[in-house]
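One structure below.
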Amino acid sequence: MSVPEKTDFIRDIVAEDLRTNKYGGRIHTRFPPEPNGYLHIGHAKSINLNYGIAREHAGGICNLRFDDTNPEKEEQEYVDSIIADVRWIAGTIDERIYYASDYFEQMYEWAVALVQKGKAYVCDLNADEIRESRGTLTEPGTDSPYRNRSVEENLNLLTRMRKGEFPDGSRTLRAKIDMASPNINLRDPIMYRIVHEDHHRQGSAWCIYPTYDWAHGLEDSIEGITHSICTLEFENHRPLYDWFLDALEIYHPQQIEFARFNLSYTILSKRRLRQLVQEGHVSGWDDPRMPTIAAYRRRGYTPESIRTVCEKIGVSKKDSIIDVSLLEWSIREDLNKHAQRAMAVLNPVKVVLTNYPEGQTEELPAMNNPEDESAGTRNVPFGRELYIDRDDFREVPPPKYHRLSPGKEVRLRAAYIIRCDQVIKDASGEVIELRCTYDPETRSGGPAANRKVKGTIHWVSAQHAVDAEVRLYDRLFLKEDPNEAPEGKSFLVNLNPDSLQVLTGCKLEPMLGSAAPGDRFQFERVGYFCVDTARTASGAPIFNRTVTLKDAWAKIEQRGRELTPAP
RNA sequence: UGUCGGGUCGUCUAAUGGCAGGACAGCGGCCUUUGGAGCCGCGAGUAGAGGUUCGAAUCCUCUCCCGACAGCCA
């Protein structure tokens, strides 16, 4: 009996290579981020792919490798965040952490070897001159005047480049391939550039740094990678990847490209994410509105839900945009099964039960998770004064409104049925208190509890309530494609001004007061929430809304509004 | 008309010459002590034109559309 495995074109290649014993039965992948920013949801797809393929085969391994070849953009802070994020998504990473910068000496030796073979040369052209001589997409380039230097002169110059005798940008080491190649990447690409800048791990050891095209295949070769999986934009670079490895006659992994992950209403360019952080449009890389892995974690997403998304979307070479609703479905699916239920009143209005004995209190058992009997129950304190959500009362109820209104009844979740007798307002006409009576016979689970009322609402005992701040997040951008901006405008015009709503003075059931950062709950009838790492100045906890519950009432109201002609 | 790559429901993805299926989204209904969840149902697709074949999303030809590449970024 065999269950058909979910596969994709890359897994098919891997399986075929295994069948033909191409790499002696080895499977070795790698995830190679550049430490120049935080990882985002797009990287999760790659992490899942590379670690996933490795784990699907006995003896398969995956390296986390920092592609730290550009000291101008890279920082230790990013290294640290990336390690934490990869661990969170992939689970154990077996401490297989590597750095391209550790291979700089070996790379240099190979560069010397290429010079000796007459396949690389030192070029004195500056950046502008190189660009001009490269030609265009439709016209061939022209040879550099330095292309035919002797091996000795090249070796001498390369040595002096490394020693630091020349200023930034004055010289480069280039591969001698073909200035007329229809593939621009093959027109004598640059292997080393001079950059007098300290490296976050190498310090001042180097002032020449390898470019991606030169370095990446070497890194893969050194680590014995079998399948070097990258995104589509490197497809045109594969001939170059192959050329370097062949010219050096060293171990040759196989580069395979797949389509990167895009998300609707979201921006995933690291450059733009950095801009959002640096210009203060968000509070940081882990602002819960960001699409970074750190932000999803802080917002309350589970790694499982993100993995589920990655599995659902598959792997192909087709440019695609994933609908954010898939992400929302995935986290709801997970949290519905696992999240502890709680009652929280975000926008409180006081209810006084006039027939409930003054000073009396009782503990009512409430289910922790109706989806999971084994989660058991907890006791929620009940008393004469309660808070309910302002939204759950209407003085003039619209059609099909099942909640509280004057003279009408509702059930209080896990408690009694109450009837609203009197509405008390302040001078400005705002409702400040509801006077109600409760029916003692209708205690939840009791003998007369079966009486039908249309609605059930959540509540919190005023005497026992815990105060908290609650942050409601909405999508950061208003447009499905945030890059679609009017002529001359940037993506920033599409920022959603209401992406964050801060609610203070929210009333929570007491159990929530002792929740720890990262704890996730379903606030019944409202949504899923997660305890933030920060607290308010007064010490109150802060809850981040992960995602709303699917709200059928919102849809009914919306339709009602559409059907009612504007006054 | 430089090179490379890609086009299947709104979105993502199966079908690898043999009934175009699934998921998300949408819509309708049932149920409900969360207007949650759950259950049932509906609509929706092979870019176009030719060809090969008993049979084509799949193979061939042409056309159209989309993406990547002219950093000393990755």
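Lettering follows sequence order; numbering is per chain, from 1. Note that the coordinates shown come from a computational prediction; the quantities given were computed from them, not determined experimentally. Values reported hereafter were calculated over all heavy atoms of this structure, with side chains retained and with hydrogens, waters and symmetry mates removed.
- Note on A/Glu235 versus A/Lys317: salt bridge recorded, some NZ/NE/NH1/NH2 to OD/OE distance being below 4.0 Å.
- Of all nucleotides listed (B/C27, B/G35, B/G2), B/C27 comes nearest to the side chain of A/Lys555.
- Comparing B/C24, B/A23, B/U34 against the side chain of A/Arg341 picks out B/U34 as the nearest.
- At a cut-off of 3.5 angstrom, counting only N and O atoms as typed in the model, there is no donor on one side facing an acceptor on the other between the side-chain of A/Asn336 and the base of B/A37.
- Taking atom P on both B/C60 and B/G22, the two are 29 Å apart, rounded to the nearest angstrom.
- Partners of A/His237 by side-chain hydrogen bond (donor to acceptor under 3.5 Å, both in side chains), not counting sequence neighbours, listed by chain and number: A/Asp213.
- Annotation: B/A68 and B/C30 have their P atoms spaced 49 Å apart (nearest Å).
- Residue contacts shown for A/Leu232 are absent, as no nucleic acid heavy atom lies under 4.0 Å away.
- Residue contacts shown for A/Asp551 are limited to sugar-phosphate atoms, with no base heavy atom under 4.0 Å away.
- Looking at heavy-atom distances under 4.0 Å, A/Ser325 makes contact with sugar-phosphate atoms alone, never a base.
- Look at A/Glu557 and A/Arg394 and you find a salt bridge, because one of the NZ, NE, NH1 or NH2 atoms lies within 4.0 Å of a carboxylate O, short of that distance.
- For A/Ser444 against B/U33, a side-chain-to-base donor-acceptor contact under 3.5 Å is present.
- By the stacking rule of 5.5 Å between ring centres and under 30° between planes, A/His402 stacks on the base of B/G35.
- Residue A/Leu137 is classed as a base contact, given a heavy-atom separation below 4.0 Å to a base.
- RNA chain B is contacted by both A/Ile313 and A/Gly169; A/Ile313 maps to the nucleotide lying nearer its 5′ end (nearest heavy atom per residue).
- In the set B/G35, B/C72, B/G36, B/C72 carries the atom at the smallest distance from any side-chain atom of A/Thr211.
- Remark: P of B/U32 and CZ of A/Arg413 are 14 Å apart, rounded to the nearest angstrom.
- Comparing A/Arg332 and A/Gln522, the nucleotide of RNA chain B nearest to each residue sits closer to the 5' end for A/Arg332.
- The glycosidic torsion of B/G71 lies within 90° of 0, which places this base in the syn conformation.
- For A/Arg193, whose side chain is taken as the heavy atoms from C-beta onward, the closest listed nucleotide among B/U34, B/U16, B/C72 is B/C72.
- Counting distance only, with no hydrogens placed and no angle test, the side-chain atoms of A/Arg525 and the base atoms of B/U34 include no donor-acceptor pair under 3.5 Å.
- Ion pair A/Asp551/A/Arg525 not flagged as a salt bridge, since none of the NZ, NE, NH1 or NH2 atoms sits closer than 4.0 Å to an Asp/Glu carboxylate oxygen.
- Within the structure, a side-chain polar atom (N or O) of A/Ser316 is placed less than 4.0 Å from OP1 or OP2 of B/U13.
- A salt bridge is absent between A/Arg30 and A/Glu223: the closest approach of a Lys/Arg side-chain nitrogen to an acidic carboxylate oxygen does not fall below 4.0 angstrom.
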TODO: Both distances under 3.5 Å, Watson-Crick or G-U wobble: on that basis, could you give the dot-bracket string for RNA chain B, with [ ] for crossing pairs and | for other-strand partners?
DONE: .((((((..((((....[..)))).(((((.......)))))....(((((..]....))))))))))).....
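- Atom P of B/A56 sits at a distance of 48 Å from the matching atom of B/G71, rounded to the whole Å.
- Distance from the side chain of A/Glu371 is smallest for B/A37 among the nucleotides B/A70, B/C12, B/A37.
- For A/Arg403 and B/G35, a side-chain-to-base donor-acceptor distance below 3.5 Å is present, hydrogens and geometry of angles not being considered.
- Straight-line distance from the CZ atom of A/Phe9 to the P atom of B/A15: 14 Å, rounded to whole Å.
- Across all strands, A/Arg238 comes closer than 4.0 Å to no nucleic acid atom at all (heavy-atom distances).
- Among the protein residues, A/Thr69 comes within range of the sugar-phosphate backbone only, with heavy atoms under 4.0 Å from sugar or phosphate atoms but none that close to a base.
- Salt-bridge check for A/Asp188 with A/Lys176: failed, with every basic side-chain N at 4.0 Å or more from each acidic carboxylate O.
- A distance-only check finds no donor-acceptor pair linking the side chain of A/Asp389 to the backbone of A/Val345 [under 3.5 Å].
- Across all strands, A/Thr136 comes closer than 4.0 Å to base atoms (heavy-atom distances).
- When heavy atoms are screened at a 4.0 angstrom cut-off, A/His458 is found touching no nucleic acid atom at all.
- Between A/Asp439 and A/Arg451 there is a salt bridge, with a side-chain nitrogen of the basic residue lying less than 4.0 Å from a carboxylate oxygen of the acidic one.
- For A/Gln255 and A/Tyr241, the side-chain atoms include no donor-acceptor pair closer than 3.5 Å.
- Among the atoms of the strands shown, only primed sugar atoms or phosphate atoms (P, OP1, OP2) are found under 4.0 Å from some heavy atom of A/Lys452.
- Among B/G36, B/A70, B/G35, the nucleotide with an atom closest to any side-chain atom of A/Trp553 is B/G35.
- Here the C1' atom of nucleotide B/G67 and the CD1 atom of A/Ile321 are 11 Å apart, to the nearest Å.
- Counting any heavy atom pair closer than 4.0 Å across all strands shown, A/Ile556 reaches a base atom.
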Between the protein and nucleotides 6-8 of chain B, list every N/O to N/O distance that falls short of 3.5 Å.
from: B/U8; atom 1: OP2; to: A/Lys318; atom 2: NZ; distance (Å): 2.4

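- Here the C1' atom of nucleotide B/G36 and the CG atom of A/Leu549 are 4 Å apart, to the nearest Å.
- Residue A/Asp389 contributes atom CG, which lies 17 Å from atom P of B/U34 at whole-angstrom precision.
- At the heavy-atom level, A/Gly527 lies nowhere under 4.0 Å from the strands shown.
- Among the nucleotides B/G71, B/C27, B/U3, the one closest to the side chain of A/Asn236 is B/U3.
- Using modelled atom types, one finds a donor on one side chain and an acceptor on the other under 3.5 Å when comparing A/Arg378 with A/Asn368.
- For the P atom pair drawn from B/U13 and B/G6, the interatomic distance equals 13 Å after rounding to whole Å.
- Rounded to whole Å, the distance from CD1 on A/Ile322 to C1' on B/A25 is 13 Å.
- Using a 4.0 Å heavy-atom distance criterion, A/Phe234 is classed as a base contact.
- Comparing B/G67 with B/C62, their P atoms are spaced 23 Å from each other, to the whole Å.
- In summary, A/Asp372 and A/Arg341 do not engage in a salt bridge, as defined by a charged side-chain N under 4.0 Å from a carboxylate O.
- If you take CG of A/Asp68 and P of B/C73, they are 15 Å apart, rounded to a whole angstrom.
- Here A/Arg134 reaches the OP1 or OP2 of B/G71: one of its side-chain N or O atoms lies under 4.0 Å away.
- For A/Lys337 and A/Glu371, the salt-bridge test fails: no basic side-chain N is under 4.0 Å from an acidic carboxylate O.
- Proximity of A/Lys400 to the phosphate of B/G35: no side-chain N or O atom is located under 4.0 Å from OP1 or OP2.
- Counting non-hydrogen atoms under 4.0 angstrom, A/Leu125 reaches a base of the nucleic acid.
- Atom C1' of nucleotide B/A70 and atom CE of A/Met179 are separated by 11 Å, given to the nearest angstrom.
- Here A/Pro370 lies in heavy-atom contact (under 4.0 Å) with a base.
- Between A/Glu362 and A/Arg443, at least one side-chain nitrogen of the basic residue sits less than 4.0 Å from a carboxylate oxygen of the acidic one, meeting the salt-bridge criterion.
- Remark: the A/Ser305 side chain and the A/Thr308 side chain contain no N/O donor-acceptor pair separated by less than 3.5 Å.
- Comparing the same atom, C1', in B/G18 and in B/U53 gives a spacing of 12 Å after rounding to whole Å.
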